[in-house]
*Asks:* 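Take this structure first; my questions come after.
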Amino acid sequence: MSFPDKLYTEEQIRIARDLIAKGYKQNLKIEGSEEFVEKVKESLKLVEIAGYMDFVRSYIRRIVEKGGFSQLRESELTIWANKYTVSDPVEAASLWVQKAEQTRMYIEMMIHVGGEAEAKTTEKRIQFLRDLRDKVKDPKLKKRCEEKLKKWAESILL
């Protein structure tokens, strides 16, 4: 049984869910300009430090540079991101984790869009920032995580 290329039908989603439950991980691909690829790799190092790489690789297959708005393509396990999305590695890393959580919810056939789903995926993003802050050694990165956490605390009630 191989991982489906697209997750449109209940059968395709069931196969994906079963494979992930057995430990399947995506071979994460990054597509875009040289600068974009380097920025994504930098952010993925932070995902690794925080201990979330297996989680992200379970639910994200590709991160692709696109102009316009960044968005998740759940059925393709793909994040479309623009150059601004990756300009801050801490912000980008937390976004990858949030979008992986949204894809997990899609594969688990949970409501994955809308207010309640957004709150759940944001909680995952904030937890990632806490974990990264606690695990990273670089004081500048710790401070950046603290700044992000403060902004989230000021902007939402969780």
Side-chain angles (χ1 to χ4, degrees), residues 3-4 6-7 12-30 36 39-66 69-82 84-138 140-158:
F3 202 94
K6 306 240 180 190
L7 303 180
Q12 291 166 326
I13 292 171
R14 184 195 58 75
I15 290 168
R17 187 173 47 245
D18 291 349
L19 287 169
I20 290 169
K22 292 176 184 172
Y24 183 88
K25 304 289 181 272
Q26 305 294 327
N27 183 13
L28 187 59
K29 292 183 174 39
I30 307 162
F36 179 84
K39 294 275 189 184
V40 172
K41 285 180 180 179
E42 183 182 353
S43 67
L44 288 172
K45 286 178 188 172
L46 301 179
V47 171
E48 182 70 38
I49 288 168
Y52 284 71
M53 187 57 90
D54 283 347
F55 176 73
V56 169
R57 286 187 52 230
S58 293
Y59 298 103
I60 301 297
R61 177 183 289 154
R62 295 169 50 225
I63 301 174
V64 179
E65 183 176 22
K66 295 276 186 183
F69 292 109
S70 295
Q71 62 179 281
L72 174 65
R73 311 289 294 180
E74 298 97 331
S75 62
E76 299 170 12
L77 286 81
T78 299
I79 299 171
W80 288 356
N82 61 41
Y84 305 107
T85 303
V86 299
S87 62
D88 176 348
V90 172
E91 185 73 13
S94 67
L95 180 66
W96 309 150
V97 170
Q98 182 176 16
K99 295 308 180 185
E101 176 67 0
Q102 188 175 344
T103 302
R104 183 195 67 78
M105 293 168 69
Y106 174 78
I107 290 172
E108 294 295 325
M109 300 185 86
M110 302 165 69
I111 296 173
H112 63 285
V113 293
E116 187 177 326
E118 186 72 22
K120 288 179 182 178
T121 62
T122 300
E123 286 175 28
K124 186 77 168 184
R125 187 175 188 161
I126 291 168
Q127 186 58 53
F128 165 80
L129 288 167
R130 288 183 187 125
D131 292 341
L132 179 61
R133 174 198 62 199
D134 295 345
K135 292 180 181 179
V136 74
K137 305 273 189 249
D138 182 335
K140 289 179 185 174
L141 286 173
K142 271 190 190 299
K143 183 179 180 195
R144 190 74 181 125
C145 290
E146 284 293 342
E147 291 167 356
K148 293 288 177 191
L149 286 165
K150 185 178 180 202
K151 282 189 178 186
W152 279 110
E154 291 170 351
S155 68
I156 58 175
L157 300 173
L158 288 179

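In what follows, residues are counted from 1 in the order of the sequence shown.
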*Asks:* May I ask you to check whether Gln98 and Thr121 show a side-chain donor-acceptor distance below 3.5 Å?
*Replies:*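 Checked: Gln98/Thr121 side chains pair up, N/O donor to acceptor below 3.5 Å.
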
*Asks:* With under 30° as parallel and over 60° as perpendicular, where do the rings of Phe3 and Tyr24 fit, or are they tilted in between?
*Replies:*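 Plane angle under 30°, so parallel.
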
*Asks:* Taking everything shown except Glu147 itself, do over 12 heavy atoms lie less than 6.0 Å from its CD?
*Replies:*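 Result for CD/Glu147: enclosed.
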
*Asks:* Considering all heavy atoms of both residues, which atom of Lys135 and which atom of Ala50 are nearest to each other, and what is their separation?
*Replies:*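 Looks like NZ-O, 3.1 Å.
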
*Asks:* Do any N or O atoms from the side chain of Lys148 and from the backbone of Glu91 form a donor-acceptor pair under 3.5 angstrom?
*Replies:*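 Side chain of Lys148 to backbone of Glu91: no pair is present.
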
*Asks:* Considering all heavy atoms of both residues, which atom of Val97 and which atom of Phe128 are nearest to each other, and what is their separation?
*Replies:*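 Of all heavy-atom pairs spanning Val97 and Phe128, the closest is CG2-CD1, 3.6 Å.
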
*Asks:* Answer whether the closest heavy-atom distance between the side chains of Thr122 and Trp152 falls below 4.5 Å.
*Replies:*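 Thr122 vs Trp152: side chains touch.
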
*Asks:* Minimum heavy-atom separation for Leu46 to Leu132, with atom names?
*Replies:*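 Scanning both residues completely, I find the closest heavy atoms to be O-CD1, 3.5 Å.
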
*Asks:* Closer than 3.5 angstrom, by distance alone: can the side chain of Ser155 be matched with the main-chain N or O of Lys151 as a donor-acceptor pair?
*Replies:*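 Such a contact is found between Ser155 side chain and Lys151 backbone.
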
*Asks:* Test Lys143 against Glu146 for salt bridge (charged side-chain N to carboxylate O under 4.0 Å, His left out), laying out the working first.
*Replies:* CA-CA 5 Å; Lys143 183 179 180 195; Glu146 284 293 342; over 6 Å; no

*Asks:* With a 4.5 Å cut-off on side-chain heavy atoms, are Lys66 and Asn82 touching?
*Replies:*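 Asn82 vs Lys66: side chains apart.
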
*Asks:* Walk me through it: do Trp96 and Ser43 pass the test side-chain hydrogen bond (donor to acceptor under 3.5 Å, both in side chains)?
*Replies:* CA-CA 9 Å; Trp96 309 150; Ser43 67; 2.7 Å; yes

*Asks:* Roughly how far apart are Gln71 CD and Ile79 CD1, rounded to 0.5 Å?
*Replies:*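 If we round to the nearest 0.5 Å, Gln71:CD and Ile79:CD1 are 11.0 Å apart.
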
*Asks:* For Pro4 versus Gln12, what's the shortest heavy-atom pair and its separation?
*Replies:*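 For Pro4 versus Gln12, the nearest heavy atoms are CG-O, 3.4 Å.
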
*Asks:* How long is the gap from CD on Gln102 to CD on Glu118, to the nearest 0.5 Å?
*Replies:*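 So the CD of Gln102 and the CD of Glu118 are separated by 7.0 Å.
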
*Asks:* Nearest 0.5 Å, please: how far is CD1 in Ile126 from CG in Asp131?
*Replies:*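 That separation rounds to 12.0 Å.
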
*Asks:* Output the distance between atom CD1 (Ile60) and atom NZ (Lys99), rounded to the nearest 0.5 Å.
*Replies:*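 Nearest 0.5 Å value for the CD1-NZ distance: 9.0 Å.
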
*Asks:* Is any side-chain heavy atom of Glu48 closer than 4.5 Å to one of Lys45?
*Replies:*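 Not in contact.
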
*Asks:* Do the side chains of Leu95 and Arg125 get nearer than 4.5 Å, heavy atoms only?
*Replies:*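 Heavy-atom side-chain distance check passes, below 4.5 Å.
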
*Asks:* Using every non-hydrogen atom in the two residues, find where Gln26 and Ser58 come nearest and quote the distance to one decimal.
*Replies:*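 Shortest heavy-atom contact: NE2-O, 4.0 Å.
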
*Asks:* Does Lys124 make a cation-pi contact with Phe55 (under 6.0 Å, within 45 degrees of the axis)?
*Replies:*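 Flagged: Lys124 positioned over aromatic ring of Phe55.
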
*Asks:* I'd like to know whether Glu101 forms a salt bridge (charged side-chain N to carboxylate O under 4.0 Å, His left out) with Arg104, so could you lay out the CA-CA distance, the side-chain angles of the two residues, the decisive distance to 0.1 Å, and finally the verdict.
*Replies:* CA-CA 5 Å; Glu101 176 67 0; Arg104 183 195 67 78; 2.9 Å; yes

*Asks:* Taking atom NZ of Lys29 and atom OG1 of Thr78, what is their separation to the nearest 0.5 Å?
*Replies:*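 The OG1 atom of Thr78 is 10.5 Å from NZ of Lys29, to the nearest 0.5 Å.
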
*Asks:* Has the side chain of Ser70 got a donor or acceptor atom that lies under 3.5 Å from a matching backbone atom of Thr85?
*Replies:*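 Such a contact is absent between Ser70 side chain and Thr85 backbone.
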
*Asks:* Can you tell me how far CG of Leu44 sits from NZ of Lys39, rounded to the nearest 0.5 angstrom?
*Replies:*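 Here the rounded value is 13.5 Å.
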
*Asks:* May I ask you to test the Asp134-Lys142 pair for a side-chain heavy-atom distance under 4.5 Å?
*Replies:*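 No; the side chains remain at least 4.5 Å from each other.
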
*Asks:* Of all heavy-atom pairs between Arg61 and Glu76, which one has the smallest distance, and what is that distance?
*Replies:*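 Looking at all heavy atoms of both residues, the shortest contact is NH1-O, 3.9 Å.
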
*Asks:* Would a distance-only check, ignoring hydrogens and angles, find a side-chain to backbone donor-acceptor pair under 3.5 Å from Arg17 to Glu108?
*Replies:*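 No; judged by distance alone, with no hydrogens or angles, the pair does not exist.
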
*Asks:* Measure the shortest side-chain to side-chain distance between Ile30 and Phe36 over non-hydrogen atoms and say whether it is less than 4.5 angstrom.
*Replies:*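 Yes; the side chains approach each other to less than 4.5 Å.
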
*Asks:* Do Leu77 and Arg62 come within less than 4.5 Å of each other through their side chains, counting heavy atoms only?
*Replies:*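 Result no, sub-4.5 Å side-chain heavy-atom pair not found.
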
*Asks:* Quick check against the 3.5 Å criterion: does Lys6 have a side-chain atom that pairs as donor or acceptor with the backbone of Ser75?
*Replies:*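 No, Lys6 side chain to Ser75 backbone: no donor-acceptor pair under 3.5 Å.
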
*Asks:* Does Tyr106 use its side chain to pair, donor to acceptor, with the backbone of Leu7 at less than 3.5 Å?
*Replies:*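 Indeed, once roles are kept as given, a pair shorter than 3.5 Å links the two residues.
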
